[in-house]
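Report on one structure; see the data block that follows.
Only this structure's heavy atoms are used, side chains among them; waters, hydrogens and symmetry mates stay out.
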Amino acid sequence: MLGRLTWAAIPFNEPLPIISVAVVGIVILTVLVTITVKGWWPYLWREWLTSVDHKRIGVMYVVLGLVMLLRGFSDAIMMRTQQAIAVGSAQGYLPPDHYDQIFSAHGVIMIFFVAMPLVIGLMNFAVPLQLGVRDVAFPVLNSVSFWLTASGALLINASLVIGNFARTGWWNYPPLSELAFSPDVGVDYYLWSVQISGVGTLLTGINFVTTILKLRAPGMTYFRMPVFCWTALATNLLIVAAFPILTATFMMLLLDRYLGMHFFTNDAGGSQMMYVNLFWAWGHPEVYILVLPAFGIFSEVVATFCGKALFSYRSMVWATLAICILSFMVWLHHFFTMGAGANVNAFFGIMSSIIAVPTGVKVFNWLFTMFRGRIVFKTPMLFAVGFIITFVIGGLTGVLLAVPPVDFVVHNSAFLVAHFHNVIIGGVVFGALAGINYWFPKAFGFTLDERLGKASFWCWLVGFYLAFTPLYVLGLMGMTRRLEHIADPSWQPLLLVAEAGAVVIFGGILCQIAQLYVSIRTREQRLDLTGDPWNGRTLEWSTASPPPAYNFAVLPRVESIDAFWQMKRKGRPQAEPAYEAIEIPRSSPAGFVTAFFAVVMGFALIWQIWWLAILGFLAAAIVVLIAGWSIEREHEIPAAEVAQMERAR
């Protein structure tokens with residue numbers, strides 16, 4: 001009746017998971033009780049859980065990413081602490097089995113459920129506003145995409161208390177991930193959670209490619225789009241091209257595990273190296289799926305806080321498109337040591353070096369934008385400057401790793417761990433935090449506290465260098481990654497420095513939480529009544545803060561790059577425009593309900609409760625069909641009401 005699910009699946013004999021779940025359960029219960037006592041459920045259901053407004057979906061993506069950041073960072077600091085104390089005869093506090101699960105969960109959560117939601121959330125919020133349109137091309141599909149991503153996050157967190165998670169690393173390589181070596185449900189949790197969230201991500205890619213190519217304000221040609229829209233377009237083209245590879249690869253591995261097939265086994269014609277090829281054929285474009293939106297954010301931030309147009313806009317666009325194409329031609333540098341031969345390694349080494357060129361173009365464009373600019377060092381700009389320095393270091397170490405002889409020496413070492421985090425934290429996380437501070441007043445109508453924002457930045461920057469610079473040295477000293485116990489005591493001093501860096505980063509996270517709390521408490525003193533707190537250049541700053549549901553009462557006419565900057569130079573027209581009735585999409589429970597049944601289906605598939613999996617799939621399909629056949633998808637805001645709202649603004 002319940003497949004493989006028994007009481008033994010709950011780890012009553014392991015104190016760490018039980019304590020963690022108890023703490024999380026208390027927090028969730030407190031939140032639910034508070035919402036119930038305050039009577040907020042009708043508002044939350046109407047305005048957020050069922051909303052198809054791209055701005056609110058964007059905010060929910062960012063909230064999901066930040067919540068999962070806490071979970072992923074807790075895994076990181078647990079691993080860092082274990083490595084710092086488990087040296088020589090000391091065994092530390094994490095058993096090897098638990099350490100391996102934490103190690104795997106950290107990578108999966110940070111890539112799929114922190115970085116992806118943060119960049120997709122910021123694209124969701126800002127891109128339609130920058131394009132001068134009222135919503136994305138498919139608003140209900142946008143809601144479904146978000147809730148499917150949240151479903152995957154929920155399934156991964158369920159593995160903390162029911163069953164266990166994979167012990168394979170976030171790459172999930174066979175043969176370790178095959179049934180013979182991972183017979184429990186850990187790998188199944190990984191595969192189904194990422195499969196479900198991956199469907200949501202693919203739908204997001206289709207939605208945004210359609211939006212950017214087909215929905216733009218009158219006069220907004222491609223070469224009048226803000227750079228963030230260009231990087232969003234490149235990102236979503238990569239999603240549409242790359243995520244089906246991952247979905248197909250994981251489906252083949254699931255067929256190996258569930259039906260005894262041999263796609264990636266070492267016998268019956270399978271090839272484990274084919275999995276590695278397919279995984280990284282998705283995996284390296286994924287790096288640019290994450291970092292290209294950050295490049296776009298920094299382009300907007302640098303231009304705004306330097307008070308001048310971005311240097312060489314067209315070269316920035318062409319560099320973005322070059323990265324988009326070249327990202328599919330470098331995947332083999334992730335496994336130079338597999339024995340493909342000198343010619344293959346040379347080709348991918350050369351391509352991996354070439355892809356650094358368009359990235360270098362971007363760095364010089366940002367620097368030339370700052371040159372002789374009137375720089376205002378607000379929190380987003382600080383993250384931009386910190387990013388340039390940090391990301392260049394990460395890029396240089398990447399070029400080193402692109403040289404096959406060097407890679408043979410440091411592959412699978414802590415040097416590689418430092419390089420990867422150099423790029424992801426210095427690029428993606430700094431970019432997301434810059435974007436959150438930059439667009440927060442547009443989303444909520446008041447600015448964030450600058451003192452705590454700057455304190456958070458310095459903690460992140462200093463903490464990052466303390467945490468990961470020692471790993472470069474340790475990698476050159478011979479320390480491999482994935483170690484639960486350190487045999488060489490001479491490594492411990494550097495590991496203690498890395499542990500201190502993790503603690504400083506935690507201080508940055510606490511500063512962000514305090515920043516949000518203080519800003520909300522003092523929001524009356526920091527209201528943004530202009531809609532343009534930073535003297536912005538693009539169209540999102542031409543609307544109210546927060547923007548109305550319809551974004552623009554009259555769609556703006558774009559005549560140049562930096563459309564709003566040019567409008568401000570010309571001055572506001574004196575005559576009131578002729579307002580027309582506006583149709584906006586109705587809220588829809590389709591996304592939330594579909595995700596509920598997706599969780600049921602995913603959980604049932606993990607534990608092989610076949611009847612429940614079939615019911616969950618059929619229920620989700622029925623919800624999708626009902627939503628698809630619905631004819632009342634929009635409601636109209638009368639022209640008089642639009643005029644009244646705009647006059648009040």
Side-chain angles (χ1 to χ4, degrees), residues 52-55 57-58 61 112 115-149 197-218 220-248 281-297 299-300 316-329 358 428 431 435 538-540 551 558 585 591 624 628:
V52 299
D53 185 338
H54 71 94
K55 300 179 291 296
I57 291 172
Y61 264 116
F112 292 104
M116 289 295 291
L118 287 177
V119 298
I120 290 175
L122 292 170
M123 287 191 295
N124 247 296
F125 179 81
V127 166
L129 289 169
Q130 289 194 333
L131 292 174
V133 297
R134 295 201 168 107
D135 212 315
V136 294
F138 309 113
V140 176
L141 192 68
N142 201 18
S143 173
V144 172
S145 300
F146 165 72
W147 286 109
L148 287 177
T149 303
S197 66
V199 171
T201 302
L202 179 60
L203 295 177
T204 294
I206 295 168
N207 204 347
F208 273 88
V209 169
T210 308
T211 300
I212 296 169
L213 294 182
K214 303 300 290 184
L215 298 181
R216 297 189 303 279
M220 182 173 281
T221 60
Y222 289 130
F223 279 94
R224 290 176 182 172
M225 291 196 307
V227 171
F228 184 62
C229 294
W230 273 108
T231 58
L233 176 60
T235 294
N236 287 285
L237 287 170
L238 288 173
I239 287 173
V240 171
F243 263 82
I245 301 174
L246 184 72
T247 301
W282 161 82
H284 202 83
E286 168 67 7
V287 172
Y288 292 100
I289 288 170
L290 297 178
V291 84
L292 280 173
F295 288 170
I297 291 167
S299 298
E300 304 298 332
M316 189 70 87
V317 171
W318 290 118
T320 299
L321 297 178
I323 290 171
C324 182
I325 295 168
L326 291 171
S327 66
F328 276 100
M329 304 171 72
V428 182
T538 45
L539 287 175
E540 74 268 32
N551 288 351
V558 176
V624 171

statement: Sorted by chain and residue number, the side-chain contact (heavy atoms from CB on, under 4.5 Å) partners of V558 (sequence neighbours excluded) come out as A217, M220, R224, L539, A563

- prompt: Residues two or more places apart in sequence or in another chain: which of them pass side-chain contact (heavy atoms from CB on, under 4.5 Å) with V291?
  reply: Y288, F295, F391, V428

statement: For residues 130-143, the side-chain hydrogen bond (donor to acceptor under 3.5 Å, both in side chains) pairs (sequence neighbours left out) are N124-N142, Q130-E540

Look up atom [atom1] in [X] and atom [atom2] in [Y], then write down how far apart they are to the nearest 0.5 Å.
| X | Y | atom1 | atom2 | answer |
| --- | --- | --- | --- | --- |
| L292 | C324 | CG | SG | 7.0 Å |
| S145 | I120 | OG | CD1 | 8.0 Å |
| E286 | W282 | CD | CH2 | 4.5 Å |
| L129 | H54 | CG | NE2 | 4.5 Å |
| I206 | L202 | CD1 | CG | 4.5 Å |

field: Residue that, paired with N207, satisfies side-chain contact (heavy atoms from CB on, under 4.5 Å) out of L203, T211, T204
entry: T211

- request: Applying side chain to side chain donor-acceptor pair (under 3.5 Å), name anything that partners T320, two or more places apart in sequence or on another chain.
  value: K362

task: Taking side chain to side chain donor-acceptor pair (under 3.5 Å) as the test, write out the residues that go with T201, two or more places apart.
output: none

query: Is there side-chain contact between T149 and P117, with at least one heavy-atom pair below 4.5 Å?
result: yes

message: With a 4.5 Å cut-off on side-chain heavy atoms, are N551 and V133 touching?
response: no

Taking every non-hydrogen atom, the tightest pair across V199 and L148: CG1-CD1, 4.1 Å

query: How close do A137 and P139 get, heavy atom to heavy atom, and via which atoms?
result: O-CD, 3.5 Å

- request: Check step by step if side chain to side chain contact (heavy atoms under 4.5 Å, CB included) holds for L246 and F112.
  value: CA-CA 12 Å; L246 184 72; F112 292 104; 3.9 Å; yes

- request: Carefully, step by step, assess I212 and M225 under the rule side chain to side chain contact (heavy atoms under 4.5 Å, CB included).
  value: CA-CA 9 Å; I212 296 169; M225 291 196 307; 3.7 Å; yes

query: Does the separation of the ring centres of Y61 and W147 fall below 6.0 angstrom?
result: no

I'd like a table of donor-acceptor pairs (distance under 3.5 Å, sequence neighbours excluded) in which one partner is a side-chain atom from residues 226-245, with atom names and distances.
from: W230; atom 1: NE1; to: Y222; atom 2: O; distance (Å): 3.0
from: W230; atom 1: NE1; to: Y313; atom 2: OH; distance (Å): 3.1
from: T231; atom 1: OG1; to: V227; atom 2: O; distance (Å): 3.4
from: T231; atom 1: OG1; to: F228; atom 2: O; distance (Å): 2.9
from: T235; atom 1: OG1; to: T231; atom 2: O; distance (Å): 2.8
from: N236; atom 1: ND2; to: A232; atom 2: O; distance (Å): 2.6

